[in-house]
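Each remark here refers to the structure printed beneath this line.
Chain letters run A, B, ... following the sequence lines, proteins first and then strands; every chain starts at 1. Basis for what follows: all heavy atoms, side chains included, without hydrogens, waters or symmetry-related copies.
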Protein chains: 2
Amino acid sequence: MLLPVEPVFLKSLRDHVYGLLRDAIISGKLRSEEKLNERQLASQLGISTTPLKEALRVLEAEGLVRSEPRRGIYVTFNAAQAEEMMLARAAIESMIARQAAKRVSKEQVAQLRTLIVEMRAGLETVDVLELIALNERFHNVIHEASGCGYLRRLQSGQNIYTHTARLIVLSEERERFQAVEEHEAIANAIANHEADLAERLMRDHVIRSGEKHLLRVSQAEN
Amino acid sequence: MLLPVEPVFLKSLRDHVYGLLRDAIISGKLRSEEKLNERQLASQLGISTTPLKEALRVLEAEGLVRSEPRRGIYVTFNAAQAEEMMLARAAIESMIARQAAKRVSKEQVAQLRTLIVEMRAGLETVDVLELIALNERFHNVIHEASGCGYLRRLQSGQNIYTHTARLIVLSEERERFQAVEEHEAIANAIANHEADLAERLMRDHVIRSGEKHLLRVSQAEN
DNA sequence: ATCTGAAACTTGATATATCAATTCTTCGCA
DNA sequence: TGCGAAGAATTGATATATCAAGTTTCAGAT
């Protein structure tokens, strides 16, 4: 059996550049209000301006850069915006949870319950990587239960936490416990089709853990 | 005194084309799954492919078209997505209302109260255009009170209602009454700094009136 | 008749050249 | 010395040319 091709080669140049620039902006390598020169950046990356321009348009649509016609392109990202992106995540993710509570199937409820059990077990083993994977699967089940492809996509655009940030946050025992508690409450609300409750719990969960991530990020910068 | 130049000439070609295509997709002139040929479309519009490609990337970032590398660009918009965009609007707008309730100034509270009074007066005069303008100003005050530039931007990207749709919906007396009632309740919640309440009221308001808009749109299509 | 594969064709991906608006520099006049 | 206009330089906006992946078509073998 053959392995799939490395994703890098499947992505187009513009997608690659887009990811590159996004990471640079989110991680702070490109500072806010820093001017980006299309030609210079293109030659620096060893590409032409066409794919770069397309990548910049996507970043502009996401609100990470601002383009002033015939003047320049400026990075637009700071702590305040990071917080707003976290709030956006909370808003969208909680709306997804709301819809999931309405449409979840019995199989999906079972999946959620299984994941909760595994998370509880994971608390003991202290394997942070596994907990991160479980978290992702948990949210994925909810996303699928919601049946909201557009919201899911919109939500993924608000993601600004790096893998290392997740590692640091989940390495705290208190955080691990609280996260599992909250996940269980959310799972129960969805299982019971309590849309309002699921929405509220999810919103509070994302905001609370988000504030913790943001705190870590700002600490890491100083 | 000179009038400002027509906005058309201030916008770059790509922004113009972007708006053109977005309207065409939202209004249904371009059907879902319809294939867009870059060259054909460019020559049809009388432009080169460069600004068109940039416009298409923005639409792709917004989830209105889907680009399959070296295969084609396909329109992605249907009734289900329109509903999800409305839900996204509700989620984000309610998060904005939540923040506004925390940060609103006394002057802004006064502005909201004034607008409510004007809306009540407008109910009698039946000037729909003025009501639409008042609605917009009402939401704008809340947006400014929230201090959330990013959320505001994200929210504006979820707007799919045309001017005529607004006209039709607000031409119903029952809808006008209910909208003003809801606006007043939201204004009170924000004035009293009741973040949770403001969020919930705004969410329900956007969803309720949104469902009405969507109903009108789907009726207009058949 | 069906399947295979190579060639022609289509089309998005990428590169390069040109255009035009903005900014910067500099020279000259008050 | 300071202001301002002209022109050079910069740079994003736009147009055009080229490349390469994917699709289609059709001849030829089984």
Contact class for B:Leu36 (heavy atom, under 4.0 Å): base, sugar-phosphate, or nothing? sugar-phosphate

In whole Å, I'd like the distance from the CG atom of B:Asn37 to the P atom of C:dC9. 17 Å

In short, salt bridge (Lys or Arg N to Asp or Glu O under 4.0 Å) pairs touching residues 94-110 of chain A with sequence neighbours left out are A:Arg98-A:Asp196, A:Arg98-A:Glu199

In B:Gln158, B:Glu83, B:Gln81, the residue satisfying side-chain hydrogen bond (donor to acceptor under 3.5 Å, both in side chains) with A:Tyr150 is B:Gln158

Is the closest basic N to carboxylate O distance between A:Arg137 and A:Glu130 below 4.0 Å? no

In B:Arg57, B:Glu54, B:Glu62, the residue satisfying side-chain hydrogen bond (donor to acceptor under 3.5 Å, both in side chains) with B:Tyr18 is B:Glu62

Would you mind reading off the distance between B:Leu41 atom CG and C:dT10 atom C1', rounded to a whole angstrom? 16 Å

Listing time: all N or O pairs from protein to nucleotides 13-15 of chain C that are below 3.5 Å?
{"residue": "C:dA13", "atom": "OP2", "partner": "A:Arg14", "partner atom": "NH1", "Å": "3.4"}
{"residue": "C:dA13", "atom": "O4'", "partner": "B:Arg70", "partner atom": "NH1", "Å": "3.2"}
{"residue": "C:dT14", "atom": "OP1", "partner": "A:Leu13", "partner atom": "N", "Å": "2.8"}
{"residue": "C:dA15", "atom": "OP2", "partner": "A:Ser48", "partner atom": "N", "Å": "2.8"}
{"residue": "C:dA15", "atom": "OP2", "partner": "A:Ser48", "partner atom": "OG", "Å": "3.1"}
{"residue": "C:dA15", "atom": "N7", "partner": "A:Thr50", "partner atom": "OG1", "Å": "2.8"}
{"residue": "C:dA15", "atom": "N6", "partner": "A:Thr50", "partner atom": "OG1", "Å": "3.4"}

Roughly how far, to the nearest 0.5 Å, is the CG atom of A:Leu20 from the CG atom of A:Leu13? 10.0 Å

